[in-house]
Chemist: 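I have a structure I would like to understand better, so I am pasting it below and will then ask my questions one at a time.
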Amino acid sequence: MMRYNVLLRMMKYMAPSLGEYKRGLLAHTDKPASTIICDDQISGLEIEVNDDKWIKLSTSPNSFVFLVGDPLMAWSNGRMKAVKHRVMMRGANDRYSIAAFTIPIEGTIIKAPKELIDDQHPQLFKDFDFMDFLFFSFSEQVKLIDSPDQIYAFASLSPPIFDQKHGS
Ligand SMILES: O=C(O)CCC(=O)C(=O)O
Ligand SMILES: [Fe+2]
């Protein structure tokens with residue numbers, strides 16, 4: 001069983017000026033293992049369903065959004081997807097949200113279980129130390145890499161996907 005801490009963060013997104021559709025949070029995938037998000041029903045959270053097609057999530061008052069982070073995607077050998085998401089604001093109301101991030105404790109190795117690796121599902125990521133990835137994701141060198149590609153740059157065993165997508 002993985003040991004972890006939960007980091008809670010409250011966020012306030014200011015309402016944009018009248019008629020504006022404004023970015024509240026840059027598109028990214030989460031670097032913690034997973035995230036649970038709860039908001040005040042002022043919509044804003046969007047997920048990418050296809051390349052550059054975004055849908056806005058509307059949550060009911062009793063519901064939470066669960067997001068798979070990059071390390072959980074790697075652990076699941078790609079069976080679970082770390083979805084790209086962002087916050088876009090429209091309308092007259094500020095938005096409040098609370099995110100609960102799962103942060104594996106120091107020394108946690110992200111390693112896909114052997115049950116999830118076979119001929120049809122070759123191992124996609126090398127085993128890695130969660131904290132090494134977290135520090136990598138905050139480093140200077142990573143700033144040029146698009147958020148979803150960072151885990152591939154860090155731990156991919158196949159040719160890095162960001163090379164194919166962005167060309168050389
Ligand atoms: O505020 C939200 O709804 C999303 C927050 C988020 O994606 C994050 O903090 O990683
Ligand atoms: Fe996020």
Side-chain angles (χ1 to χ4, degrees), residues 2-17 20-106 108 110 124-125 128-156 161-162 165-166:
M2 189 184 77
R3 295 181 59 206
Y4 59 91
N5 292 303
V6 174
L7 180 77
L8 273 185
R9 188 166 73 190
M10 283 196 68
M11 280 153 299
K12 178 183 182 182
Y13 301 93
M14 308 286 270
S17 326
E20 232 191 327
Y21 189 51
K22 202 175 152 217
R23 188 174 74 207
L25 188 63
L26 205 67
H28 65 282
T29 54
D30 286 354
K31 308 308 158 195
S34 63
T35 310
I36 295 172
I37 295 170
C38 168
D39 70 16
D40 61 353
Q41 281 81 61
I42 301 301
S43 82
L45 183 59
E46 299 182 355
I47 59 168
E48 191 184 46
V49 284
N50 283 317
D51 239 1
D52 235 28
K53 183 171 186 303
W54 293 87
I55 56 171
K56 209 173 258 300
L57 294 182
S58 45
T59 51
S60 67
N62 305 325
S63 66
F64 299 93
V65 176
F66 179 86
L67 289 170
V68 172
D70 292 335
L72 187 52
M73 175 180 72
W75 175 86
S76 75
N77 201 26
R79 310 281 181 105
M80 293 190 260
K81 305 290 177 207
V83 73
K84 195 169 170 181
H85 54 285
R86 67 183 185 186
V87 174
M88 295 295 290
M89 296 295 297
R90 169 178 284 150
N93 296 312
D94 296 340
R95 172 174 186 264
Y96 292 87
S97 67
I98 302 178
F101 299 106
T102 304
I103 314 282
I105 64 164
E106 234 176 300
T108 301
I110 304 295
L124 295 177
F125 299 93
F128 62 91
D129 186 314
F130 169 80
M131 285 297 168
D132 288 347
F133 171 61
L134 197 63
F135 283 121
F136 173 77
S137 76
F138 284 116
S139 67
E140 271 302 310
Q141 67 189 108
V142 97
K143 296 223 166 95
L144 296 172
I145 305 175
D146 195 24
S147 178
D149 296 333
Q150 292 169 5
I151 185 73
Y152 293 95
F154 184 77
S156 177
I161 281 174
F162 66 93
K165 209 158 73 184
H166 300 311

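Please read these numbers as outputs of a predicted model, since none were measured by experiment. Counting convention: from 1, in listed order, for ligands and their atoms alike.
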Chemist: Can a side-chain donor-acceptor contact be found between K31 and S147 if the only test is distance below 3.5 angstrom?
Modeler: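 Yes.
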Chemist: Output a table of donor-acceptor pairs, distance under 3.5 Å, between side-chain atoms of residues 3-11 and any protein atom two or more places apart or on a different chain; print 'none' if there are none.
Modeler:
none

Chemist: Can you classify the ring geometry of Y152 versus F125 as parallel (below 30°), tilted (30 to 60°) or perpendicular (above 60°)?
Modeler: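 Y152 vs F125 ring planes: tilted.
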Chemist: From the Fe ion (ligand 2), how many protein N/O/S atoms are found at a distance short of 2.8 Å?
Modeler: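 The number of such protein atoms is 3.
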Chemist: So which residues, sorted by chain and number, lie with a heavy atom under 4.0 Å of ligand 1?
Modeler: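 Ligand 1 pocket, heavy atoms under 4.0 Å: R9, M11, Y13, L25, H28, D30, I37, L45, H85, V87, R95, S97, F101.
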Chemist: Tell me, do R95 and L45 make a side-chain contact under 4.5 Å, heavy atoms counted?
Modeler: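 Yes, at least one pair of side-chain atoms sits under 4.5 Å.
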Chemist: Can you tell me if M14 has over 12 outside heavy atoms packed within less than 6.0 Å of its CE?
Modeler: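 No, not enclosed.
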Chemist: Would T59 and D39 count as having a side-chain donor-acceptor pair, cut-off 3.5 Å?
Modeler: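 Side-chain D/A pair, T59 to D39: present.
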Chemist: To the closest 0.5 Å, what do you measure between NE2 (H28) and NZ (K84)?
Modeler: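 H28 atom NE2 to K84 atom NZ measures 11.0 Å (nearest 0.5 Å).
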Chemist: Using ring-ring contact (aromatic ring centres under 6.0 Å, His included) as the criterion, list what pairs up with Y13, not counting sequence neighbours.
Modeler: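 If we apply the ring-ring contact (aromatic ring centres under 6.0 Å, His included) test to Y13, skipping adjacent residues, there are no hits.
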Chemist: If you round to the nearest 0.5 Å, how far is CG of D149 from CG of D146?
Modeler: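 The CG atom of D149 is 5.0 Å from CG of D146, to the nearest 0.5 Å.
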